[in-house]
Amino acid sequence: MSTQAMAGLRDYLTGTLSTSDMMWLVEELTSYVRKDAALEPYTIEELHARIAKSERDFAEGRYIASEELFGDLDKEFHFLEKEEVEGLQLAEAV
């Protein structure tokens, strides 16, 4: 990830999360950083298989609408105001 992208993510998170939520996130992510196992990238075949499965799941109605997902996250983590969840666009999150 580029330095600019990391800075943007940092600014977004610090502007969105409360101090306690930020500390929780840091503690959760620290455990991943400390793991000795290196992450391996997906092969193109694995990516195609994941896409195909996701397309099948969507066609068969096995998905969660973004409004429901953000609502569940808000209930669990309490870090977004209702108006922010309703107005959040996927492009803004990326």
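Numbers here are sequence positions counted from 1.
Cluster partners of Phe58 are Tyr63, counting Ile, Leu, Val, Met, Phe, Trp and Tyr whose side-chain heavy atoms approach within less than 4.5 Å, directly or via other members.
One hydrophobic cluster holds both Tyr12 and Leu17 under the rule that ILVMFWY side chains link at heavy-atom gaps under 4.5 Å.
Here Thr43 contributes atom OG1 and Glu46 contributes atom CD; the two are 3.5 Å apart, rounded to the nearest 0.5 Å. The CG atom of Leu13 sits 5.0 Å away from atom CE of Met22, with the distance rounded to the nearest 0.5 Å. Of the inter-residue distances, the one linking Leu25 atom CG with Leu29 atom CG reads 4.5 Å to the nearest 0.5 angstrom.
A pairwise comparison of heavy atoms in Val26 and Thr30 identifies O-OG1, 2.5 Å as the closest pair.
There is a side-chain donor-acceptor pair under 3.5 Å between Asp21 and Ser18.
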